[in-house]
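Within every chain, numbering begins at 1; the chains are lettered A, B, ... in the order of the sequence lines, protein sequences first and strands thereafter.
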Amino acid sequence: MTENLSENELLQQRRSKLEELRKQGKAYPNSFRRDSLSQDLKTLCFKMTKEELEEKAIEVSVAGRIMLQRIMGKASFITLQDMKGQIQAYVRSNDLPEGEYDEFKTWDLGDIVGIKGTLFLTKTGELTVNASSIEMLTKSLKPLPEKHSGLVDTEQRYRKRYLDLITNQDSLEVFQKRSQIISSVRDFFINHEYLEVETPMMHSILGGASAKPFTTHHNALDMDLYLRIAPELYLKRLVVGGMEKVFEINRNFRNEGLSTKHNPEFTMLEYYTAYADFNDQMNFIEGLFKHITEQVFGTSKLEQEGIECDFSKPFTRIRLKDSVAQKLSVDISVLDNRDFLMEIGEKYKIENLANLSDGKILFELFEELVEDNLINPTFITGYPKDVSPLSRSSDDNDSEVDRFELFIGGKEIANGFSELNDPEDQAERFRDQVAQKSAGDEEAMEFDSDYVEALEYGLPPCAGVGIGIDRLVMLLTGAKSIRDVLLFPQMKPKN
RNA sequence: GGGCCGUUAGCUCAGUCGGUAGAGCAGUUCGCUUUUAACGAAUUGGUCCUGCGUUCGAGUCGCAGACGGCCCA
């Protein structure tokens with residue numbers, strides 16, 4: 001927006017207040033230092049009586065944004081908000097130098113101020129700073145959203161997240177929880193001797209997942225690069241290099257539509273463990289979830305879609321084919337029958353049916369019929385090989401791979417498998433991907449010969465897992481949209 | 001990509017059958033020394049998302065578009 005002459009009256013009023021501060025040399029100072037945060041003071045004084053507080057006469061400096069004002073003729077209450085919450089201050093004309101109270105009365109909601117004074121309890125028992133000195137630290141030129149409702153307009157909440165955070169406590173709490181969840185994940189891995197690493201975000205070969213990429217260009221090298229869709233192939237190179245336990249928490253980019261479940265950039269946890277298989281990883285995940293829920297929420301029991309889930313108990317494990325057979329109330333053996341699969345596939349309107357392999361049809365049926373109903377934490381195993389180009393083939397069934405996905409609340413939360421470490425098998429799977437790509441599959445991988453070479457040096461038997469952090473945070477905070485767990489979700493620019 | 005819904009004061013929202021644009025909060029002015037969504041009185045403030053059309057007259061009806069939300073693919 002361009003600055004124009006007919007500027008809003010509210011803005012003009014505040015600007016002239018700022019001009020007055022400038023004249024007095026009191027605009028935007030940075031010499032005030034606080035020594036206390038709102039919630040810390042409340043915790044400190046929690047059990048003290050009015051008399052005890054008076055006797056101790058605790059001197060504090062607090063700072064924050066004015067969220068509420070109750071202005072009276074010669075004394076006022078204001079509510080300050082800082083990073084930990086809110087605290088009330090009592091500003092009395094008699095306790096301030098001549099003229100300051102009148103100046104104080106021109107302060108606006110949203111201004112950022114510093115206050116020094118002594119703690120006391122009001123007659124209704126609220127901890128309050130009795131101001132002995134006050135200072136305007138940052139004049140706010142724009143009025144805050146309405147004080148009761150906060151910022152409601154969804155679009156503005158995403159575009160101007162700072163206003164959402166100032167006025168909506170719930171929103172702030174989601175992001176505090178997000179931070180705690182990620183810390184808790186890091187703790188868990190570091191305690192289990194994993195090394196945190198960062199691998200390239202810009203890839204010259206597309207791989208590690210099935211997705212459409214963003215493309216960018218490196219000028220000096222005059223070459224196109226993809227923003228990564230997954231870190232997998234780099235992390236496994238590190239395992240070849242002897243980093244036997246590695247994890248990375250970082251952004252992936254996928255060139256797809258936006259929805260309540262998708263943002264073009266999203267955060268992924270991936271980790272790899274040498275000398276472990278997919279069964280070990282399922283056990284490990286159970287431990288991870290128990291750790292996160294207990295550490296962040298203080299309980300392992302959280303409600304999902306109206307059902308209480310206990311994350312301290314072992315998760316349900318069921319084979320993909322069994323779950324589909326159960327849903328259809330048919331014997332598992334009929335799912336090996338192509339004609340039957342075609343018939344059911346038709347019934348559930350699966351596209352391009354004739355060109356799909358049996359495995360792919362089964363997979364699509366699973367997504368269509370079963371996925372949404374997996375509310376309690378459930379591991380699905382026995383994935384078809386042709387939807388899993390990087391997974392190790394199952395020892396006892398050549399058409400399946402040693403892979404699982406974890407579903408909670410009807411959403412896919414984790415995907416893991418025993419890694420394919422046979423370079424010849426891997427080369428074969430890449431060739432298959434390339435064929436699918438030239439047949440028009442935009443999401444197919446490219447042949448990564450450098451990766452195959454790494455495998456030729458020897459990737460120890462290992463297993464890896466990817467967990468979508470945004471979805472995990474949605475799950476644990478009850479957020480309905482991924483935009484509610486991303487500070488700045490992708491939006492179209494206005495104008 | 002398709003369907004439905006939304007966009008009115010800084011914010012939260014009303015606006016009937018097409019006939020001068022409304023409230024609460026915020027702001028301004030006055031009063032008020034323990035209030036707490038402070039209170040009482042007065043008062044300022046509008047690109048009704050944009051464009052085109054219908055009409056004597058459009059916030060309201062029609063068409064197109066922008067942005068957003070939800071659902072579906």
Problem - Pairs involving residues 28-46 of chain A, ordered by first then second residue, that meet salt bridge (Lys or Arg N to Asp or Glu O under 4.0 Å) (sequence neighbours left out) - result: A/D40-A/K84
Exercise for the section: May I ask you to check whether A/F407 and A/F366 place their ring centres under 6.0 Å from each other? Expected result: yes
Tell me what [X] touches on the nucleic acid: a base, only sugar-phosphate, or nothing, going by heavy atoms under 4.0 Å.
{"X": "A/T122", "value": "base"}
{"X": "A/G257", "value": "nothing"}
{"X": "A/N94", "value": "base"}
{"X": "A/L151", "value": "sugar-phosphate"}

Should we say atom [atom1] of [X] is surrounded by more than 12 heavy atoms from elsewhere, each under 6.0 Å from it?
{"X": "A/K50", "atom1": "NZ", "result": "yes"}
{"X": "A/E98", "atom1": "CD", "result": "no"}
{"X": "A/M491", "atom1": "CE", "result": "yes"}

Is any side-chain N or O of [X] closer than 4.0 Å to OP1 or OP2 of [N]?
{"X": "A/R70", "N": "B/U35", "answer": "no"}
{"X": "A/Q69", "N": "B/G27", "answer": "yes"}
{"X": "A/R14", "N": "B/G27", "answer": "no"}
{"X": "A/K492", "N": "B/A66", "answer": "no"}
{"X": "A/K17", "N": "B/U28", "answer": "yes"}
{"X": "A/K147", "N": "B/C25", "answer": "no"}

Verify the distance criterion only: is there a donor paired with an acceptor across the side chains of [X] and [Y] at less than 3.5 Å?
{"X": "A/T215", "Y": "A/D224", "answer": "no"}
{"X": "A/Q88", "Y": "A/T128", "answer": "yes"}
{"X": "A/S388", "Y": "A/R429", "answer": "no"}
{"X": "A/S391", "Y": "A/R403", "answer": "no"}
{"X": "A/Y383", "Y": "A/E405", "answer": "yes"}

Exercise for the section: Please name the residue in the list A/K321, A/K385, A/R338 that meets the salt bridge (charged side-chain N to carboxylate O under 4.0 Å, His left out) test with A/D358. Expected result: A/R338
Practice task
Name the orientation of the base relative to the sugar in B/C17: syn if the glycosidic angle is within 90° of 0, else anti.
Solution key: syn
Handout entry: Inter-nucleotide C1' distance (B/C48, B/G18), Å rounded
Key = 15 Å
Practice task
Please state the P separation for the pair B/C67 and B/G59 - nearest whole angstrom.
Solution key: 25 Å
Handout entry: Close side-chain approach of A/K116 to A/S133, heavy-atom, < 4.5 Å
Key = yes
Decide, yes or no, whether a salt bridge links [X] with [Y] under the criterion of side-chain N to carboxylate O below 4.0 Å.
{"X": "A/R161", "Y": "A/D164", "answer": "yes"}
{"X": "A/E52", "Y": "A/K56", "answer": "no"}
{"X": "A/K17", "Y": "A/E20", "answer": "no"}

Problem - Rounded distance (Å) that lies between atom P of B/U28 and atom CD of A/E20 - result: 14 Å
Handout entry: Separation of B/G27 C1' from A/L144 CG (nearest whole Å)
Key = 13 Å
Problem - Watson-Crick and G-U pairing of RNA chain B, under 3.5 Å, as dot-bracket with | and [ ] - result: (((((((..((((.....[..)))).(((((.......))))).....(((((..]....)))))))))))).
Exercise for the section: Name the residue closer to the 5' end of RNA chain B, choosing between A/Q490 and A/K123 according to the nucleotide with the nearest heavy atom. Expected result: A/K123
Pairs under 3.5 Å (N/O, protein and nucleotides 41-44 of chain B):
| from | atom 1 | to | atom 2 | distance (Å) |
| --- | --- | --- | --- | --- |
| B/U44 | O2' | A/E9 | OE1 | 3.2 |
| B/U44 | O2' | A/E9 | OE2 | 3.4 |

Grab the N/O contacts between the protein and nucleotides 70-73 of chain B below 3.5 Å, and write none if there aren't any.
| from | atom 1 | to | atom 2 | distance (Å) |
| --- | --- | --- | --- | --- |
| B/C70 | OP2 | A/R483 | NH1 | 3.1 |
| B/A73 | O3' | A/E351 | OE2 | 3.4 |

Give every pair of a protein N or O atom and an N or O atom of nucleotides 4-7 of chain B that lie under 3.5 Å apart, one pair per line with the distance.
none

Exercise for the section: Answer yes or no: is there a donor N or O on one side and an acceptor on the other, between the side chain of A/R178 and the main chain of A/V485, under 3.5 Å? Expected result: yes
Atom pairs under 3.5 Å: protein N/O with N/O of nucleotides 46-51 of chain B:
none

